[in-house]
Engineer: 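Before I ask anything, here is the structure I am working with.
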Amino acid sequence: MWTMTYLEVQIIENLPRLDVEPKEEQEAIAFLSEKYSPWEFAIGLGRGENFVRQRIKLSGLIEGFKHFVRSSEMTLSLGVGVALFEPENQKMMLEAMGKVFNGNQIKRKIENWTYDLAKAPFDIEDVNLVPKAGACSQCPFNAANQGNLFGESKMICIKSACYETKKAGLLLSLIERAKKENLLLVPNIRRHWADHERNQLIISQME
């Protein structure tokens, strides 16, 4: 039966607090992730597997956000949410926020840039809607496939461009079906601004 060294335990336990050079931290996490699975980490630490996955995910934060985590200004759960995004997106969040940490602003950004797949208007198992993307249930940009970072089996899409493309694909397929079956489609814009650019596009397509 293998055992984790004291140093390895300390690295993963204290990952959000470690005051080390970014390059050294990345190398340490890459080494441990190659050596152990999150399940093995969890056993070695006596912790849940999700605890381990979240801390490994935190290593993907850019340095500006790591500072806020280490200073306890930013919660670990919010840090995990930010770490889902590519570094360039994180940088945009950080620059928009400024030097003073604003948790509510970051939460709004995450909400605007992510989608709850349980509420998707399209079939998340459909592999043909956008063939290159495949099914959402198997997609690496589905947070559930990176561990239960948002709770048990919570499916959150972090690829907004793909999500919007699938929504548009669904609309176009609906329009084609309406043409073939001679159906009348009436756009429901009562809850939205009728002059909004995106709504105008949808209305023009349906007309």
Engineer: Are any of the side-chain nitrogens in Glu86 or Lys159 under 4.0 Å away from the carboxylate oxygens of its partner?
Structural biologist: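 Salt bridge absent between Glu86 and Lys159.
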
Engineer: Out of curiosity, Asn128 CG to Ser173 OG, how far, rounded to the nearest 0.5 Å?
Structural biologist: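 So the CG of Asn128 and the OG of Ser173 are separated by 11.0 Å.
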
Engineer: So how far is it from Met97 CE to Phe68 CZ, rounded to the nearest 0.5 Å?
Structural biologist: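 One finds 4.0 Å between CE of Met97 and CZ of Phe68.
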
Engineer: Do the ring planes of Trp113 and Phe85 sit parallel (below 30°), tilted (30 to 60°) or perpendicular (above 60°)?
Structural biologist: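 Geometry flag for Phe85 against Trp113: perpendicular rings.
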
Engineer: Would you check if Leu78 and Ile110 make a side-chain contact, meaning some heavy-atom pair closer than 4.5 Å?
Structural biologist: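 A side-chain contact under 4.5 Å exists here.
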
Engineer: State, yes or no, whether a side-chain contact exists between Lys167 and Glu164 at a heavy-atom distance under 4.5 Å.
Structural biologist: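 SC-SC contact between Lys167 and Glu164 confirmed.
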
Engineer: Which heavy-atom pair separates Asn145 from Ser137 by the least distance, and what is that distance?
Structural biologist: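 Reported closest heavy-atom pair: ND2-O, 3.1 Å.
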
Engineer: Show the nearest heavy-atom pair for residues Ala83 and Gly60, with the distance to one decimal.
Structural biologist: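 Ala83 and Gly60 have their closest heavy atoms at CB-C, 4.5 Å.
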
Engineer: Is there a side-chain contact between Glu73 and His67 (heavy atoms, below 4.5 Å)?
Structural biologist: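 Yes, close enough: below the 4.5 Å cut-off.
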
Engineer: Measure the spacing between NZ of Lys166 and CG of Leu117 and express it to the nearest 0.5 Å.
Structural biologist: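 It is 8.5 Å, given to the nearest 0.5 Å.
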
Engineer: Counting only N and O atoms by type, is there a donor-acceptor contact under 3.5 Å from the side chain of Gln90 to the main-chain atoms of Ile62?
Structural biologist: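 Here the side-chain-to-backbone pair exists.
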
Engineer: Please tell me whether Val130 and Tyr115 are part of a single hydrophobic cluster in this structure, the criterion being side-chain heavy atoms less than 4.5 Å apart.
Structural biologist: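 No; Tyr115 is not reachable from Val130 via cluster members.
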
Engineer: Do Val127 and Gln138 have side-chain heavy atoms sitting under 4.5 Å apart?
Structural biologist: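 Contact flag for Val127/Gln138 side chains = no.
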
Engineer: Closer than 4.0 angstrom, basic N to acidic O: yes or no for Lys179 and Glu176?
Structural biologist: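 Answer for the salt bridge query: yes.
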
Engineer: How far does CD1 of Ile124 sit from CG of Asn142, to the nearest 0.5 angstrom?
Structural biologist: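 Ile124 atom CD1 to Asn142 atom CG measures 7.0 Å (nearest 0.5 Å).
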
Engineer: Measuring from atom CD1 of Ile175 to atom CG of Leu183, what distance do you get when rounded to the nearest 0.5 angstrom?
Structural biologist: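 Going from CD1 on Ile175 over to CG on Leu183, the span is 12.0 Å.
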
Engineer: If you take the centroid of each ring, where Trp contributes its six-membered ring, are Tyr163 and Phe122 closer together than 6.0 Å?
Structural biologist: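 Aromatic pair counts; centres sit under 6.0 Å.
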
Engineer: Look up atom CG in Leu58 and atom CG in Leu76, then write down how far apart they are to the nearest 0.5 Å.
Structural biologist: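 Going from the CG atom of Leu58 to the CG atom of Leu76 covers 6.0 Å.
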
Engineer: Give a yes or no on whether a salt bridge exists between Glu111 and Arg108, defined as a side-chain N under 4.0 angstrom from a carboxylate O.
Structural biologist: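 No, this pair does not count.
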
